[in-house]
Amino acid sequence: METVIGLEVHAQLLTRSKMFCGCPTTFGAPPNSQTCPVCQGMPGVLPVVNRRAVELGIRAALAFDCRVNAACRFARKHYYYPDMPKNYQITQYEEPLAEDGHLEIEVDGASRTIGIQRLHLEEDVGKLLHEGTLETAQASLVDYNRSGVPLMETVSRPDLRSAEEAAAYLKAFRAVLVFLGVSNGNMEEGSLRCDANVSLRPRGSRELGTKVEIKNMNSFRSVKQALEFEVRRQAEALAAGERIVQETRLWDADRGYTRAMRSKEYAHDYRYFPEPDLVPLTIDRAWIEEIRAGLPELPRQRRARFVTQYGLPPYDAEILTQSRALAEYFEAAVREFPQPKVVSNWVMSELLRELGADDEQAIRSSPVTPARLAGLLVLIEDGTISGKIAKEVFEKMRRGGEDARAIVGREGLTQVADEAALGRVIDQVLARSPRAIEDYKRGKTAAAKALVGQVMKATGGKANPGIVNRLLEEKLSKI
Amino acid sequence: MITREEVLHIARLARLELSDTELERMREQLNSILTYIDRLRALDVTGVEPTSHAVPLVNVMRDDEVVPPFPQDEMLRNAPDRVGEFFRVPRIIEG
């Protein structure tokens with residue numbers, strides 16, 4: 001059987017204010033402290049579209065090569081659920097913002113193009129806290145801060161052929177949004193959410209099987225596990241001669257299975273009609289071109305360029321382009337220290353030791369600026385400090401906010417390259433290591449390494465290893 | 001002609017409970033609306049854009065600027081039930 005998956009991804013747009021009112025969108029504010037009559041759906045209010053949300057939607061649409069429709073409209077989608085007090089959600093239905101795009105994904109080194117059917121704007125809904133579980137709760141608590149936050153929904157074509165591809169799509173999708181500054185893509189905080197339609201069909205068949213909608217996948221891991229489970233469940237049911245029921249199932253991450261939602265939990269009779277409170281949007285070419293001109297290089301393009309322009313391994317390029325901030329950091333450092341692989345190594349091992357590759361904020365505000373990293377690498381290059389000491393200096397830069405030269409000067413970390421001084425240390429070490437000398441004479445070259453180690457230890461790691469090696473060899477050969 | 005069952009379905013979607021008399025009255029009214037729609041249908045509207053708004057306006061938008069929200073207490077004041085800073089709503093899933 002062939003697996004057929006389509007993903008619906010909801011992303012909160014990075015605006016300061018909500019979709020249809022001026023309430024702030026800040027995450028984590030006290031419950032119901034960021035609302036007004038508009039986002040709480042009071043009668044008689046007038047929603048007004050946030051221009052920035054439309055711009056961000058177009059930005060994403062262009063990145064996915066979608067056709068931006070010259071005119072689009074908002075619609076009311078009706079359903080009763082306490083997360084949405086006015087009993088309809090303002091969304092787009094027959095005339096979405098954009099259609100017919102695509103996204104490249106990579107799985108096991110092979111790339112595939114996944115179609116994007118549509119991209120539309122809507123408003124987010126409030127957050128429910130159940131007293132117990134949804135089924136057993138006698139009551140639920142509601143926080144409407146999230147209600148009205150701008151959301152972009154993107155529906156892929158059913159082009160994904162495995163759980164792994166679905167996870168790769170979501171990752172690539174997220175990377176584009178984060179890179180463009182369209183969304184922060186934070187799945188834990190719910191800024192990026194994903195539902196999937198899953199069905200199976202005989203290999204070679206053109207028809208789609210009965211699809212099941214999977215909800216409640218809140219991480220990349222969940223997406224992969226939930227879809228793997230669902231594909232297996234459907235395959236087993238079909239093999240046993242059962243029919244697949246079209247339904248919505250929830251992923252239970254703790255128990256590791258999908259379960260059917262009770263029919264009362266959803267209703268598909270939405271009675272869409274044009275939102276009378278919002279006039280249509282017409283999007284002229286000039287506006288689209290202005291937004292296109294402001295588009296940064298996309299992650300994929302940048303990744304390819306990092307390989308060709310800097311000669312980096314694809315692995316490095318992949319990591320360094322996880323976010324715009326990181327890619328810019330790397331390039332700024334390379335401008336001042338033009339050895340890309342060396343810079344890449346330091347960025348990946350030291351900079352990313354304590355911050356995430358996609359943590360734009362942390363990367364931009366790191367006390368170890370690209371210029372400071374370059375300054376540190378210059379000190380290694382000219383022999384002022386050893387690589388080992390440089391790691392300590394990096395840590396100090398991370399905590400302090402001084403540049404490398406200042407730290408090295410103040411703390412006396414300069415590499416000892418004074419041959420006379422090193423010679424004396426080596427003599428002392430040799431004097432107390434007759435055993436090692438004997439081993440060395442008998443051909444155990446490892447003994448020389450141990451001696452180098454002793455010299456490094458005696459100098460607090462500051463001895464120039466090249467000089468120590470040479471001097472030691474000279475001295476040993478004379479014994 | 002719209003049936004009793006269809007009226008019941010629409011009423012259920014709108015969370016309305018109708019008595020038998022109300023149901024019959026709604027059925028008659030809905031039918032007369034549909035009859036009127038049928039008269040409109042008879043018109044030739046070739047080349048006429050479907051109307052979604054009566055006013056000839058497009059692109060009414062605002063800048064992305066934060067306006068101070070309403071005070072929390074003010075927004076919670078009319079809540080039939082609340083717990084601390086939250087609205088409290090009765091059981092969602094019917095047992």
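In what follows, chains carry the letters A, B, and so on, assigned in the order in which the sequence lines appear, proteins first and then strands, with residues in each chain numbered from 1.
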If you count heavy-atom pairs under 4.5 Å between each of [options] and chain B, which one has the most?
| options | answer |
| --- | --- |
| A:P150, A:A139, A:P274 | A:A139 |
| A:C23, A:P276, A:P37 | A:P37 |
| A:V279, A:I283, A:T15 | A:V279 |

Worksheet item: Without hydrogens or angle criteria, can the side chains of A:R73 and B:S52 be said to hold a donor-acceptor pair below 3.5 Å?
Response: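 A:R73 vs B:S52: donor-acceptor pair found between side chains.
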
Would you mind checking which part of [X] comes under 4.5 Å of any heavy atom in chain B, side chain (CB onward), backbone (N, CA, C, O), both or neither?
| X | result |
| --- | --- |
| A:V38 | neither |
| A:L278 | backbone |
| A:C21 | backbone |
| A:Y144 | side chain |
| A:P24 | both |
| A:E275 | backbone |

Practice prompt. Let me know if B:L76 has heavy atoms under 4.5 Å from chain A in its side chain, its backbone, both or neither.
Written response: side chain

Worksheet item: Short question: side chain of B:D64, backbone of A:S17 - any donor-acceptor pair under 3.5 Å?
Response: yes

Item to complete: Look at the side chain of A:Q138 and the backbone N and O of B:P90, then say whether any donor-acceptor pair between them is shorter than 3.5 Å.
Response: no

Item to complete: Walk me through it: do B:D63 and A:R52 pass the test salt bridge (charged side-chain N to carboxylate O under 4.0 Å, His left out)?
Response: CA-CA 7 Å; B:D63 289 334; A:R52 179 74 183 150; over 6 Å; no

Item to complete: Would you mind reporting whether A:N32 and B:M75 have side-chain heavy atoms less than 4.5 Å apart?
Response: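 Answer no - side chains too far apart.
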
Discussion item. Quick check: do B:F86 and A:D143 have side-chain heavy atoms less than 4.5 Å from each other?
Written reply: yes

